[in-house]
Amino acid sequence: MSLPTAGLPADRVLEQLRTLRSADLPTHGGRTLAYVYDSALTGLDELAAGAHALASSANGLDPTAFPSLLKMENDIVAAAAALLGGDESTVGSVTSGGTESCMLAVHAARAAHPSLARPRIVVASTAHAAFHKAAHYFDVEVATIPVTESFTADASAMADAIDDRTVLVVVSAPSYAHGVLDPVPDVAAAAAARGVRCHVDACIGGWVLPYFRALGADVPAFDLSVPGVTSLSVDLHKYAYCPKGTSVLLHADASLRRSQFFASAAWPGYTMLNSTLQSTRSGGPLAAAWAVLNHIGDDGYRALASQVLSATRAIRTGIAEIEGLRIQGNPQSTLLSVAAATDDFDVFTVADEMTERGWYLQPQFGFESSAPNLHLTVTAANHGAEDVLLADLSAAVAAARQAGPVTVTPEVRSTIANLNPTDLTPEAFGALIAMAGLTKVEAPKRMAEINVMLGAASPALRERLLVEFLSVLYTPTR
Ligand SMILES: Cc1ncc(COP(=O)(O)O)c(C=O)c1O
């Protein structure tokens with residue numbers, strides 16, 4: 001694309017944008033069970049858009065120049081701390097999302113030990129990939145500790161893994177893949193006994209679990225009130241139903257947060273003073289989040305939590321009744337991991353069949369003891385329409401059964417499993433992704449075969465293949 005010589009009228013530009021957006025997965029209505037969070041509240045999008053427009057030109061780079069942003073950030077951090085077991089010592093920052101919050105927790109822990117040549121973090125194998133990204137960016141070693149049969153962190157194995165180079169131990173509440181809560185008190189106590197920080201990744205569960213508990217659900221202790229927990233992340237763009245672009249990283253006190261901050265006076269311009277990874281920071285997402293939080297309020301979040309709790313329970317019970325499906329682990333939040341209980345079909349075919357019926361369920365590859373499965377992020381928008389989802393899921397399983405398992409010959413399977421990514425040239429990768437049909441911007445409608453083949457690849461090979469795929473996707477429009 002080149003820029004139009006004469007600019008287009010605003011309504012035409014918006015028309016084009018609407019046309020582009022029509023090809024996307026629906027973000028409202030509960031049919032997309034990953035990536036998006038729908039409260040189903042009328043007027044919320046408009047409120048958020050209005051608040052965003054009011055503040056998007058303001059720059060969080062200098063909070064003294066834009067005190068409105070400072071005030072909104074301090075308000076949001078106080079609300080998050082109050083919800084998540086904080087006290088008068090708790091401090092925090094609003095970041096751009098869960099990954100930034102997790103990365104900053106790792107950075108703060110690492111930067112607090114400048115003399116350590118090779119700092120290390122200890123994570124459960126179900127920890128979000130954001131921690132591997134942090135380790136990659138900040139040159140930190142990761143000790144990944146396999147989880148128990150129920151997909152929860154193995155507290156004693158994690159305790160044993162803490163050594164003199166360990167700067168942070170990470171647990172999830174809940175984990176993304178299975179929706180289960182790690183034993184936070186045990187891991188945090190072990191970390192504290194060694195003088196090591198403990199981060200609770202409550203990015204996805206943090207804004208909903210306290211309300212589940214208030215509604216009488218059994219929610220084990222996981223927040224800042226647990227002795228030994230030094231930081232906690234909670235995303236506002238998940239179950240606080242705010243627009244994309246906001247998360248909160250809480251620290252138990254200001255001394256723990258200090259190493260997160262960055263200042264540089266080593267140049268002739270303004271002294272750069274940053275609390276997060278960004279420097280110029282739009283006030284838009286912050287203001288939108290502040291508006292949404294104040295509009296929904298405590299009672300509103302309780303009502304939304306009640307809806308999503310009831311929807312998750314109904315869907316879980318319904319899935320258990322579909323012959324051939326099983327739920328992995330004992331999910332205590334809003335996320336379900338659905339695997340095949342029999343070997344006469346592939347769950348990835350079920351995902352395709354659900355796509356045909358207007359749903360998006362997210363394929364998750366087999367990993368350690370976790371079987372290939374489908375991930376469901378349930379939101380308030382699923383409340384009241386659980387039966388529609390379950391009926392389609394039941395039909396999708398029947399269709400997948402009729403199609404039979406995806407056939408990848410043992411030879412192809414073993415060739416894929418034995419490919420060593422470090423031996424392959426970029427051309428060989430190009431040929432492989434072309435073979436898999438992944439050369440177009442539009443992914444093929446039916447993904448089961450590709451997913452089964454990707455699932456047979458080692459994680460390292462899969463990473464390399466998908467990076468090549470990304471490189472194809474991000475080709476400038478010409
Ligand atoms: C537990 C957990 N941590 C971190 C993240 C990363 O959040 P984001 O996608 O906002 O960067 C997610 C996202 O789903 C998550 O579920």
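Both counts, for ligands and for their atoms, begin at 1 and track the order of listing.
- Listed by chain and residue number, the protein contacts of ligand 1 are Gly97, Gly98, Thr99, His128, Pro174, Tyr176, Asp201, Cys203, Ile204, Asp235, His237, Lys238 (heavy atom within 4.0 angstrom).
- Thr379 OG1 to Asn382 CG: the interatomic distance, rounded to the nearest 0.5 Å, is 4.5 Å.
- The residues Glu386 and Arg313 are annotated as not salt-bridged, no charged nitrogen and carboxylate oxygen being separated by less than 4.0 angstrom.
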May I have the list of side-chain donor-acceptor pairs in residues 331-339 shorter than 3.5 Å, sequence neighbours left out?
unit_1	atom_1	unit_2	atom_2	d
Thr334	OG1	Tyr239	OH	3.0
Ser337	OG	Gln328	NE2	3.1
Ser337	OG	Asn373	OD1	2.9

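- Within 6.0 Å of the CD atom in Glu449, the count of heavy atoms belonging to other residues, nucleotides or ligands does not exceed 12.
- Sorted by first and then second residue, the pairs that involve residues 51-60 and meet side-chain hydrogen bond (donor to acceptor under 3.5 Å, both in side chains), not counting sequence neighbours, are Asn59-Thr280.
- Partners of Thr246 by side chain to side chain donor-acceptor pair (under 3.5 Å), not counting sequence neighbours: none found.
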